[in-house]
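One structure is given below, encoded as structure tokens.
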2 protein chains.
Amino acid sequence: MSNNQFKKGELYSFITGKASTAIARNLQKKFNSAGLKITIEQWSVLYQLWKEDGKSQQELCSATFRDKPSITRLVDNLEKQQLVRRVPSESDRRINLIFLTKQALKLQEETMQLAEATLNEALEGVPPDRIDICKEVLQIVYDNLR
Amino acid sequence: MSNNQFKKGELYSFITGKASTAIARNLQKKFNSAGLKITIEQWSVLYQLWKEDGKSQQELCSATFRDKPSITRLVDNLEKQQLVRRVPSESDRRINLIFLTKQALKLQEETMQLAEATLNEALEGVPPDRIDICKEVLQIVYDNLR
DNA sequence: GACATACAGTTAGATAAACAACTAACTAAA
DNA sequence: TTTAGTTAGTTGTTTATCTAACTGTATGTC
């Protein structure tokens with residue numbers, strides 16, 4: 001016997017990630033309403049750079065769980081919007097280091113507040129210890145398949 | 001105080017749905033390896049039709065949590081691959097009822113087995129009661145934001 | 001130094017998603 | 001029965017993802 005407790009009807013919903021889709025849409029709407037012209041995907045890249053500026057594209061791939069072409073194009077679009085700039089590494093000319101512009105730094109506080117608001121709405125009525133368990137399960141799933 | 005127990009570093013990962021992305025990629029690879037030429041998104045539509053054939057596009061929207069243009073194009077592609085066909089409703093000529101072809105019926109067993117395999121891999125080492133809690137939390141999140 | 005190999009990033013082509021604007025068909029109310 | 005509003009589905013545009021194939025740079029071995 002496996003430990004798969006999902007009936008088939010529930011399986012689908014887990015696979016397709018309806019919950020995370022709902023969260024992403026909610027946050028995107030908050031961005032739009034606030035007049036912030038960035039996508040959730042772009043925000044997820046900026047988020048990594050707010051944590052540590054000057055990451056390489058490869059590091060952004062790992063951090064955001066995206067492949068190289070996706071990051072290339074996300075950085076392309078972020079660059080067009082003047083939110084980041086590519087700086088060739090001095091020590092290894094294959095590498096681009098990605099740096100935030102002043103404009104992008106300004107976005108941090110507002111977007112993080114909106115993200116927190118979305119999460120609060122999402123988790124309304126969920127006891128903290130259950131959130132922790134859910135988080136742990138998702139982490140294991142991620143580790144199992146990575 | 002809110003019940004948001006996420007530190008900022010964890011927040012991002014929850015929002016972006018890395019776990020469900022990992023699951024989807026794993027299953028897509030299984031499809032590819034098995035020579036099944038369908039996408040996860042197409043499979044999610046077929047899945048709904050295996051449960052009940054002849055749904056309208058609108059019903060597929062609700063069931064798969066996608067908007068109308070997405071379903072229009074998914075059905076377009078499924079139709080190109082001869083996996084479904086659009087049948088105009090007799091009673092309301094605005095409505096297309098979507099029916100599976102014989103070819104699509106043949107896909108059910110194999111793809112469901114692969115999906116179950118992916119879920120078993122994903123949930124390896126997770127106690128059943130924790131899976132249930134995770135599922136419940138995700139359901140609440142979905143309901144909160146829908 | 002010359003070569004094979006690995007690595008960082010880009011490009012091309014297909015599918016998918018979000019949003020807005022649109023057409024066609026149904027419904028309800030004057 | 002005309003009109004207004006609603007619903008089902010489509011189309012156009014932009015952004016994002018995936019798998020291939022590609023360029024350029026670095027590394028390690030002979």
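Proteins get letters first, then strands, A, B, ... in listed order; numbering begins at 1 in each. When reading the values below, keep in mind they use all heavy atoms of this one structure, side chains included, and skip hydrogens, waters and symmetry mates.
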Quiz prompt | Integer-rounded Å distance: dA14(C) P and Q81(B) CD | solution = 14 Å

Quiz item: In terms of the nearest nucleotide of DNA chain C, which residue is placed more toward the 5' end: D92(A) or P69(B)?
Solution: D92(A)

Quiz item: For dA4(D), is chi within 90° of 0 (syn) or not (anti)?
Solution: anti

Quiz prompt | Spacing of L36(B) atom CG relative to dT15(C) atom P, expressed in whole Å | solution = 17 Å

Quiz prompt | Distance, rounded to the nearest Å, where Q57(B) contributes CD and dA25(C) contributes C1' | solution = 15 Å

Self-check item: Closest nucleotide among dC18(D), dA8(C), dG9(C) to the R94(A) side chain
Solution: dA8(C)

Practice problem: Indicate whether any N or O donor in one side chain lies under 3.5 Å from an N or O acceptor in the other, for Q81(B) and N77(B). | Solution: no

Self-check item: side-chain N/O R93(B) vs dC26(C) OP1/OP2, d < 4.0 Å
Solution: yes

Quiz item: So what's dT14(D) paired with, Watson-Crick or G-U wobble, going by both distances under 3.5 Å?
Solution: dA17(C)

Self-check item: Q58(B) or Q28(B), whichever maps to the more 5' nucleotide of DNA chain D
Solution: Q58(B)

Quiz item: Where each residue is assigned the nucleotide of DNA chain D containing its nearest heavy atom, which of S91(A) and S70(A) is assigned the position nearer the 5′ end?
Solution: S70(A)

Exercise. Assign T39(A) to base, sugar-phosphate, or nothing according to its heavy-atom contacts below 4.0 angstrom with the strands shown.
Key: sugar-phosphate

Self-check item: Distance-only donor-acceptor test, R73(B) side-chain atoms vs dG12(D) base atoms, 3.5 Å
Solution: yes

Self-check item: Whole angstrom value for the distance that separates C1' of dG9(C) from CD of E79(A)
Solution: 13 Å

Quiz item: Any idea which of dG9(D), dT15(C), dT11(C) is nearest the Q42(B) side chain?
Solution: dT15(C)

Exercise. Give the rounded distance in Å between these two atoms: CD1 of I95(B) and P of dT27(C).
Key: 9 Å

Practice problem: Examine dT10(D): is either OP1 or OP2 under 4.0 Å from a nitrogen or oxygen in the side chain of N96(B)? Give yes or no. | Solution: yes

Practice problem: For the residue pair N32(B) and Q28(B), confirm or rule out a side-chain donor-acceptor distance under 3.5 Å. | Solution: yes

Quiz item: Nearest-Å distance, CG (N77(B)) to P (dT15(C))?
Solution: 5 Å

Quiz item: Just how far, in rounded Å, is C1' of dT10(D) from CD1 of I98(B)?
Solution: 13 Å

Quiz prompt | Nearest listed nucleotide, side chain of E41(A), among dA18(C), dT17(D), dC19(C) | solution = dT17(D)

Quiz item: Is L105(B) reachable from F99(B) through a run of I, L, V, M, F, W or Y residues, each pair having side-chain heavy atoms under 4.5 Å apart?
Solution: no

Quiz item: Can you tell which of dA17(C), dA8(D), dC18(D) lies closest to the side chain of R66(B)?
Solution: dA17(C)

Self-check item: Identity of whatever pairs with dA2(C) - Watson-Crick or G-U, under 3.5 angstrom
Solution: dT29(D)

Self-check item: hydrophobic_cluster_shared for I23(B) and I40(B), side chain cutoff 4.5 Å
Solution: yes

Self-check item: R86(A) CZ - dG9(C) C1' separation (whole Å)
Solution: 8 Å

Quiz item: From dC18(D), dG12(D), dG9(C), pick the nucleotide closest to the side chain of D67(A)?
Solution: dC18(D)

Quiz item: If every non-hydrogen atom of K18(B) is compared with every non-hydrogen atom of F65(A), which pair is closest and at what distance?
Solution: O-CE2, 3.6 Å

Quiz item: Which part of the nucleic acid does L74(A) contact within heavy-atom distance under 4.0 Å: base, sugar-phosphate only, or nothing?
Solution: sugar-phosphate

Quiz item: Hey, are D92(B) and S89(B) close enough side-chain-wise for a donor-acceptor pair under 3.5 Å?
Solution: no

